[in-house]
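To start, the structure under review is shown below, and the notes come after it.
Every chain is numbered from 1, with letters handed out A, B, ... down the list of sequences.
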Amino acid sequence: MEVKDITSRDVDFAKWYTDVCRKADLVDYSSIKGSMIIRPLGYAIWEEMVKVLDNEFKKTNHENVQMPLFIPESLLNVEKEHVEGFAPEVAWVTHGGSNLLDERMCVRPTSEVLFCDHYKKIIKSYRDLPKLYNQWCTIVRWEKTTRPFLRSREILWQEGHTMHETKEEALEETLRMFNIYKSFQEKYLAMPVITGRKTEKEKFAGAEITYTIEAMMYDGFALQNGTSHYFGQNFTKAFDITFIDKFNKLLMPYQTSWGVSTRMIGGLIMTHSDNNGLVLPPKIAPTKVIIIPIGEVREKLNLLKAELLKEGITFKVDESEKSPGFKFAEAEVKGYPIRVELGKRDLENNNVTLVRRDTLEKIVISYEEIVAKVKELLVTIQNDMYEKALIRRNSMIYDVLDYEELKTIAATKPGFIKINWCGNVECENKIKEDTTLKSRCLIEDEEVTAPCVVCGKPATTRLYIGKQY
RNA sequence: CGAGAAGUAGCACAGUUUGGUAGUGCAUUAGGUUUGGGACCUAGGGGUCGCAAGUUCGAAUCUUGUCUUCUCGACCA
């Protein structure tokens with residue numbers, strides 16, 4: 001459990017990642033492949049995420065529900081594209097006790113069909129719309145390769161499923177939730193993200209439009225950190241969901257779904273953490289301040305605790321018998337944004353030492369300044385972490401016009417590549433075959449600058465490509 | 001799912017080649033001394049060697065199967 005056990009980030013990034021997950025005590029392996037135990041610190045980070053997002057969902061009039069865990073096979077089969085997309089990775093329940101079931105059921109890999117089955121019953125009139133439901137739950141997808149937080153078989157997440165009277169309303173909802181995710185990741189997780197539509201090839205099974213949020217990890221790989229889908233009437237037609245509008249006409253509603261998962265915790269680690277362990281942005285850190293008393297400082301400690309409590313700044317005090325050096329290292333592994341070293345020797349001069357986790361900078365100030373400085377630092381650290389990640393990310397984005405150059409960069413430089421693309425799936429496939437890079441998302445706010453980088457025909461759009469987790 | 005590597009105490013590992021009843025460091029418990037970057041002394045506790053079958057008088061060690069983890073590939077809404 002010592003920092004020196006953490007593999008260097010630049011030596012072996014994959015090993016470093018799992019080391020941080022374990023040493024910071026975020027997660028433990030269970031005896032079931034791909035099903036992890038989320039430990040108290042990992043879960044506390046998730047709870048902070050849930051708190052912020054759930055509040056955003058409720059502010060935008062969404063209601064939480066809880067749907068069944070199982071999906072009967074016949075129900076999963078209702079929407080053709082959807083079942084084809086998910087069938088290879090669902091887990092099946094075939095027995096109840098020792099009796100073979102008449103119809104096998106899968107453990108939900110996502111809940112579109114469950115919501116549709118329910119909406120069919122409760123939506124009758126335009127007065128029943130919109131329906132804005134969300135659920136916090138776990139789902140199961142039988143992944144072949146698994147990694148803590150990034151790709152597990154049991155996934156803790158949130159899925160919103162909404163039904164709307166018009167196409168315009170549904171499209172607006174898709175973008176509304178997409179923007180909530182984007183701004184959450186930028187403002188709270190301090191993660192710069194690229195956002196946009198997925199290509200036809202990469203969109204969600206059954207969706208008309210998929211918007212994606214992609215963050216670049218320290219090693220240049222992309223992590224898809226959230227998606228928002230517009231379904232049009234694909235599912236409502238398949239499920240025959242209808243309502244009567246105000247002119248007494250029978251119509252079909254338009255649908256969306258959107259989700260984020262504990263994968264964001266993996267993104268947080270691979271964006272900000274370092275060789276000393278976890279680094280958490282203050283806004284998402286469950287505990288903002290760790291106080292380490294050195295020597296007999298009880299009186300000042302009690303005073304400080306009362307002041308932080310009054311200010312609503314979450315803190316912990318390490319009053320264990322360990323040596324100060326051990327406590328410093330431990331505090332760094334766990335990623336507390338600010339460490340307060342409350343030492344007898346400093347206090348004789350009326351000083352305390354603050355240490356920023358993101359830069360490890362030591363700041364000596366007088367005792368009276370402490371609360372004001374902590375408040376200031378929490379803001380500074382949050383901003384600096386975003387800026388640092390942004391600069392690094394931007395330095396790893398390449399704009400490429402020539403296909404040979406594309407292959408060279410793909411093979412030698414980690415990161416994202418911007419290209420001009422004709423929109424043809426053959427060109428998309430060729431890039432993947434030649435370079436293993438896949439489409440991340442369309443860049444819709446930039447004009448095309450040259451012909452398609454693959455085929456040389458006129459380009460219709462700009463596109464981000466990159467390797468992914 | 002394919003190829004490769006690994007699994008011995010909470011963690012990191014030795015012991016396996018050559019079969020003989022399990023060890024080191026850290027952590028942990030008790031008492032004491034310490035305290036500004038991973039303290040020290042003394043005395044303890046903790047492991048059916050991933051699991052299962054087989055070979056053998058005897059298996060951590062040999063054989064087979066299986067599970068889990070890691071790496072590379074395929075897959076990945």
Side-chain angles (χ1 to χ4, degrees), chain A residues 1-7 12-19 21-23 25 27-36 39 79 81-90 108-113 139-148 150-153 155 157 159 198-207 210-212 222-224 226-229 231 257-261 263 276-277 292-297 318-333 339-349 351-353 355 360 362 364 432-433 436 438 467-469:
Chain A
M1 188 55 78
E2 299 195 358
V3 172
K4 56 186 169 231
D5 297 334
I6 297 180
T7 307
D12 184 344
F13 190 77
K15 182 111 193 341
W16 166 83
Y17 173 76
T18 47
D19 280 353
C21 285
R22 298 289 305 280
K23 307 297 177 196
D25 214 7
V27 82
D28 199 5
Y29 293 109
S30 73
S31 52
I32 303 146
K33 180 181 169 68
S35 256
M36 62 189 180
R39 306 261 308 136
E79 213 285 339
E81 272 185 45
H82 186 67
V83 66
E84 279 170 5
F86 280 104
E89 55 178 8
V90 293
R108 60 184 171 208
T110 177
S111 305
E112 272 73 12
V113 297
I139 55 168
V140 168
R141 296 177 187 181
W142 218 251
E143 300 288 353
K144 287 163 181 162
T145 304
T146 60
R147 303 190 65 193
L150 302 177
R151 189 168 293 282
S152 50
R153 283 187 175 169
I155 302 163
W157 81 342
E159 50 179 325
K198 280 287 188 194
T199 62
E200 283 301 300
K201 174 179 154 69
E202 298 293 333
K203 73 182 189 187
F204 183 84
T210 290
Y211 290 97
T212 183
L223 190 69
Q224 181 180 304
T227 45
S228 184
H229 314 288
F231 288 116
S257 88
W258 27 274
V260 292
S261 71
R263 179 181 264 190
N276 291 343
I292 298 177
I294 303 160
E296 176 45 56
V297 293
D318 188 346
E319 292 188 275
S320 67
E321 300 284 310
K322 310 279 190 203
S323 73
F326 186 95
K327 294 181 186 181
F328 298 161
E330 176 86 354
E332 280 158 17
V333 180
R339 179 166 90 233
V340 177
E341 300 178 8
L342 198 62
K344 198 178 167 189
R345 211 162 69 205
D346 271 350
L347 282 175
E348 280 164 9
N349 303 314
N351 283 340
V352 292
T353 303
V355 184
L360 299 177
K362 292 198 175 196
V364 180
K432 204 200 147 201
E433 260 173 51
T436 77
K438 287 171 76 174
K467 292 181 187 171
Q468 70 176 2
Y469 273 98

Open item on the list: Base, sugar-phosphate or nothing for A:K198? Non-hydrogen atoms, less than 4.0 Å.
Closed with: nothing
- [ ] Would you kindly say whether A:D12 and A:T7 are connected by a side-chain donor-acceptor distance under 3.5 Å?
- [x] no
Open item on the list: With a 3.5 Å limit on both atom pairs, tell me what B:rG31 is paired to, counting Watson-Crick and G-U wobble, or say none.
Closed with: B:rC41
Open item on the list: Quick check on B:rC70: is either OP1 or OP2 less than 4.0 Å from any side-chain nitrogen or oxygen of A:K33?
Closed with: no
Open item on the list: Once hydrogens and angles are ignored, does a donor-acceptor distance under 3.5 Å link the base of B:rG37 to the side chain of A:K362?
Closed with: yes
- [ ] Classify the side chain of A:E332 versus the base of B:rG37 as yes if they form a donor-acceptor pair under 3.5 Å and no if they do not.
- [x] yes
TODO: Check ring pair (Phe, Tyr, Trp, His ring centres under 6.0 Å) between A:Y29 and all other residues, then give those that pass, not counting sequence neighbours.
DONE: none
TODO: Please confirm whether any donor atom in the side chain of A:R22 sits under 3.5 Å from an acceptor in the base of B:rG10, or the reverse.
DONE: no
Using atom names, set out every protein N or O paired with an N or O of nucleotides 41-48 of chain B below 3.5 Å, distance rounded to 0.1 Å.
none

Open item on the list: In whole Å, measure the gap between the C1' atoms of B:rC26 and B:rC62 for me.
Closed with: 33 Å
Task: Separation of A:K362 NZ from A:E341 CD (nearest 0.5 Å) - done: 4.5 Å
Open item on the list: Considering every strand and a 4.0 Å limit on heavy-atom distances, what is the contact class for A:K144: base, sugar-phosphate, or nothing?
Closed with: base
Open item on the list: For B:rU35 and A:S323 - does any side-chain N or O of the residue sit under 4.0 Å from the phosphate oxygens OP1/OP2?
Closed with: no
Open item on the list: Test of understanding: with side-chain contact (heavy atoms from CB on, under 4.5 Å), list the residues that count as partners of A:E159, not counting sequence neighbours.
Closed with: A:T110, A:S111, A:Q135, A:C137, A:I139, A:W157, A:H161
Task: Side-chain N or O of A:Y29 closer than 4.0 Å to phosphate OP1/OP2 of B:rC70 - done: yes
Open item on the list: With hydrogens left out and only the distance checked, is there a donor-acceptor pair under 3.5 Å joining A:T436's side chain and the base of B:rG73?
Closed with: no
Task: Euclidean distance for C1', B:rU17 against B:rA60 (whole angstrom) - done: 14 Å
Task: A:K344 side-chain N/O to B:rG36 phosphate OP1/OP2 under 4.0 Å - done: no
Task: Phosphate-side-chain proximity, A:K432 and B:rC75, N/O vs OP1/OP2 below 4.0 Å - done: yes
